[in-house]
Amino acid sequence: MASADFPSTHETLVTPVAKSVSHRIRERRHALGLSQSGLAELAGVSPELVSRIERGRCLPSLPTLVTFANVLRTTPNDLLGFEQPLADEELRPLLDAVNALGPAQRAEIRRIAEALAKYQSDVPPASDGRQRRESGFTQRAPTTQGKRPGEIS
């Protein structure tokens, strides 16, 4: 085989994997409003490395990938393009929005989600065995007096 079939040690092939990873990193960086220099500073790497990675010229090492994921408020799996079990198309915008929040805001979102989940599990089923739904939220079935249990008139 001719030596022209293989890249020299100074050349790097742009592989589909490198292109895919580079696209995801650049996309997340843009979504957070970070420059390449900003990402480099927060990740503790050179701006040149960020540039080479985003152009698909090289892949980040595993420790760098994990650091990028933390800085970009996502997961290594997301940057690699692996699907997350709960990240279906309907939930993806919600997950992206929550990932962009700070720790205190995420804690508040979690508290709200847990309260909604508890509320939904406390809802009695309708007479046909299904839970009643209105406007996307599960509603309690009205009592015979038209009031919810514990409601004060």
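Please read all numbers here as calculations on a predicted model, not as lab measurements. Keep in mind that the numbers below use all heavy atoms, side chains included, and drop hydrogens, waters and symmetry copies. Counting from 1, the numbers follow the sequence of the chain as shown.
Here the straight-line distance linking atom CG of L79 with atom OG of S22 works out to 11.0 Å at 0.5 Å rounding. Rounding to the nearest 0.5 Å places CG of L32 at 11.5 Å from CD of E27. In this structure, OH in Y119 is found 15.5 Å from CD1 in I112, a value given to the nearest 0.5 Å. Put simply, OG on S51 and CZ on R57 are 10.0 Å apart, with the number rounded to the nearest 0.5 Å.
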**Request:** Would you please test L72 and N99 for side chain to side chain contact (heavy atoms under 4.5 Å, CB included) and show each step?
**Result:** CA-CA 9 Å; L72 296 171; N99 282 334; over 6 Å; no
Let me see the working for L39 and I25 under side chain to side chain contact (heavy atoms under 4.5 Å, CB included), right down to the final yes or no. CA-CA 10 Å; L39 174 57; I25 290 171; 4.1 Å; yes
Assess the residue pair R29 and E54 against the criterion (side chain to side chain contact (heavy atoms under 4.5 Å, CB included)); give the C-alpha distance rounded to whole Å, side-chain angles, the decisive distance to 0.1 Å, and a yes or no. CA-CA 10 Å; R29 179 178 62 76; E54 285 193 1; 2.6 Å; yes
Verdict with supporting geometry, R111 and E108, salt bridge (charged side-chain N to carboxylate O under 4.0 Å, His left out): CA-CA 5 Å; R111 186 192 65 73; E108 185 65 13; 2.7 Å; yes
**Study point:** Steps toward side chain to side chain contact (heavy atoms under 4.5 Å, CB included) verdict (L101, I109)
**Key:** CA-CA 9 Å; L101 299 174; I109 293 293; 3.8 Å; yes
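For the pair P47/Q36, no side-chain contact is recorded, criterion being any heavy-atom separation below 4.5 Å from C-beta on. Contact of the P60 side chain with the T67 side chain is not registered, since no non-hydrogen atoms from C-beta on lie closer than 4.5 Å. Counting heavy atoms from C-beta on, the side chains of S61 and T64 come closer than 4.5 Å.
Nearest approach of G38 to L34, heavy atoms of both residues: C-CD2, 4.4 Å. The heavy-atom pair separating R28 from T74 by the smallest distance is NE-CB, 3.9 Å. When all heavy atoms of L65 and P76 are compared, the pair lying nearest together is CD2-CB, 4.1 Å. Smallest separation of non-hydrogen atoms from Q105 and G102: OE1-N, 2.9 Å. Across all their heavy atoms, L59 and I53 have their closest contact at C-CG1, 4.5 Å. Nearest heavy-atom pair, T75 versus A69, reported as atom, atom and distance to 0.1 Å: C-CB, 3.6 Å.
With sequence neighbours excluded, no residue forms a salt bridge (Lys or Arg N to Asp or Glu O under 4.0 Å) with E48.
Around CZ of R110, the count of heavy atoms belonging to other residues, nucleotides or ligands within 6.0 Å does not exceed 12. Sparse packing is recorded around CD of E41, with 12 or fewer heavy atoms of other residues, nucleotides or ligands lying under 6.0 Å away.
The backbone N or O of A100 lies less than 3.5 Å from a partner atom in the side chain of R73, making a donor-acceptor pair.
Defined by atom type and a distance below 3.5 Å, a donor-acceptor pair is present between the side-chain atoms of R24 and S20.
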